[in-house]
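Encoded as structure tokens, the structure appears first; notes follow it.
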Amino acid sequence: MNVSLDPTLGCGQAHRWIKKNGAWEGVLGKEIITLRQTCDGFECTGTSDEDGILEYFRADDDLDAIYGDISASDPYIAELVDGCPGLRILKQDPWECIATYLLATNANVKRIGMMVEAVCREFGEDLGGRFSFPTPKDVIDGTGDICACRLGYRENRFLELAQRVYDGDIVPNALCGMNYDDCRRTLLSVNGIGNKVADCIALFAYGHMEAFPIDARIERVLKEKYHVTGSYAHLTEFARTKFGRYPGYAQEFLYHSDFILESQAQAGGLHPI
DNA sequence: CATCAACCTGATCA
DNA sequence: ATGATCAGGTTGA
């Protein structure tokens, strides 16, 4: 499978992957997975569930067709696609994705990772060095210290979400059968989930390629590269008109390139020549 | 419909 | 070292 692990796992799409000695370690379900980049994909240790991994990486996505489509829609996207082959959208577990992106509000990638790891450490199952992402029941019945997670004002929202899912008031897997609009509408009913988070979840858990999440970074890029500004609705309409049939993939390339440019700028600042 | 302050913490800046 | 400022989405006025 054509995949480049660094951009796919390392720039804020999923939050449990850590690069150690050149390999990516993460937790899927109750397994600690290690992935090593190879020339034509990756080699995986820590699981026998090869199909699960392939599904996680959306192996069925026809990258050539998707890249061709969004590249034809815009020359800047074409440039980014050429520069970053193998960037993929992931298919994350619905409950984990909802809970994670609820925590992601108003926090940068680094801090999101800290909060998520803390929640896993406090409420998840010890897998030996890493912890599983807690179930709603783990969160409600667990003996973990929620204060130690340092979630700030997300704490109550997180507990409220866990309770609603536990009660069956919200059923993450039930959203799998919904179209984008219904999926989005359902997600927006959760306290703490607004436009951006709903679109992240629609894209990263439910595979709605028309979702185009707009955070501060994407808003900046749209302004600088496309000279478009305005409301969330206006910007997403622009994106869905502009970026072919896979706006979600286009968003990921825009996000990734800006993320990398920022990292390089910071590294340059720390080590001036 | 648009604007805006408040929310919480970690990182960065004076 | 210490305090001020900033980044980052959602909510509700």
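Proteins come first, then strands; the chains are lettered A, B, ... in the order of their sequence lines, and each starts at number 1. Since we're looking at a predicted model, the values are computed, not measured.
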State plainly whether one hydrophobic cluster holds both A:Phe212 and A:Leu87, where clusters connect Ile, Leu, Val, Met, Phe, Trp and Tyr through side-chain heavy atoms under 4.5 angstrom apart.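 Yes, A:Phe212 connects to A:Leu87 through the hydrophobic network.
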May I ask you to check whether A:His227 and A:Phe238 place their ring centres under 6.0 Å from each other?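 Centroid distance A:Phe238-A:His227: not below 6.0 Å, so no.
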Less than 6.0 angstrom separating the ring centers of A:Phe158 and A:Phe123, yes or no?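 When the ring centroids of A:Phe158 and A:Phe123 are compared, they turn out to be at least 6.0 Å apart.
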Take the protein atom [atom1] of [X] and the nucleotide atom [atom2] of [N], then report the distance between them rounded to whole Å.
X	N	atom1	atom2	value
A:Ile112	C:dG9	CD1	P	8 Å
A:Leu103	B:dC8	CG	P	15 Å
A:Asn156	C:dT10	CG	P	18 Å
A:Met115	B:dC8	CE	C1'	9 Å
A:Met114	B:dG10	CE	P	6 Å
A:Glu160	B:dC7	CD	P	18 Å
A:Asn195	C:dG9	CG	P	12 Å
A:Arg150	C:dG8	CZ	C1'	17 Å

Mark yes when over 12 heavy atoms from residues, nucleotides or ligands other than A:Asp60 sit less than 6.0 Å from its CG; otherwise mark no.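 Check fails, neighbour count at 12 or below.
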Looking only at N and O atoms, is any donor in the side chain of A:Tyr153 or the base of C:dG9 less than 3.5 Å from an acceptor on the other one?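 For A:Tyr153, whose side chain was compared with the base of C:dG9, there is a donor-acceptor pair (under 3.5 Å).
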So which one's nearest nucleotide on DNA chain B is more toward 5', A:Gly152 or A:Asn108?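 Its nucleotide being nearer the 5' end, the pick is A:Gly152.
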Stem ranges for DNA chain B, with three or more consecutive Watson-Crick or G-U pairs under 3.5 Å?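 Stems (3+ consecutive pairs) listed as B:3-14 with C:2-13.
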Quick one: label A:Ile193 by what it contacts on the DNA or RNA (base, sugar-phosphate, nothing), any heavy atom closer than 4.0 Å.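 Sugar-phosphate, backbone atoms only, no base.
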Sugar-phosphate, base or nothing in reach of A:Val109, heavy atoms under 4.0 Å: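 The residue A:Val109 makes no contact with any strand.
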Using heavy atoms to find the nearest nucleotide of DNA chain C for A:Asn191 and A:Arg217 separately, return the residue whose nucleotide is more 5′.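 Here A:Arg217 is the residue nearer the 5' end.
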In terms of the nearest nucleotide of DNA chain C, which residue is placed more toward the 5' end: A:Gly192 or A:Ala107?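 On the 5' side of the pair lies A:Ala107.
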Check against ring-ring contact (aromatic ring centres under 6.0 Å, His included), A:Tyr67 and A:Phe253: CA-CA 10 Å; A:Tyr67 290 180; A:Phe253 279 98; 5.3 Å; yes
A:Gln37 side chain vs A:Gly41 backbone, donor-acceptor pair below 3.5 Å: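 Yes; judged by distance alone, with no hydrogens or angles, the pair exists.
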Counting only side-chain N and O atoms of A:Arg111, is one of them less than 4.0 Å from OP1 or OP2 of B:dA11?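 It does not, given that no N or O in the side chain of A:Arg111 lies less than 4.0 Å from OP1 or OP2 of B:dA11.
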Sole candidate of A:Leu175, A:Leu102, A:Ile170 that passes side chain to side chain contact (heavy atoms under 4.5 Å, CB included) when paired with A:Leu187: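 The option that passes is A:Leu175.
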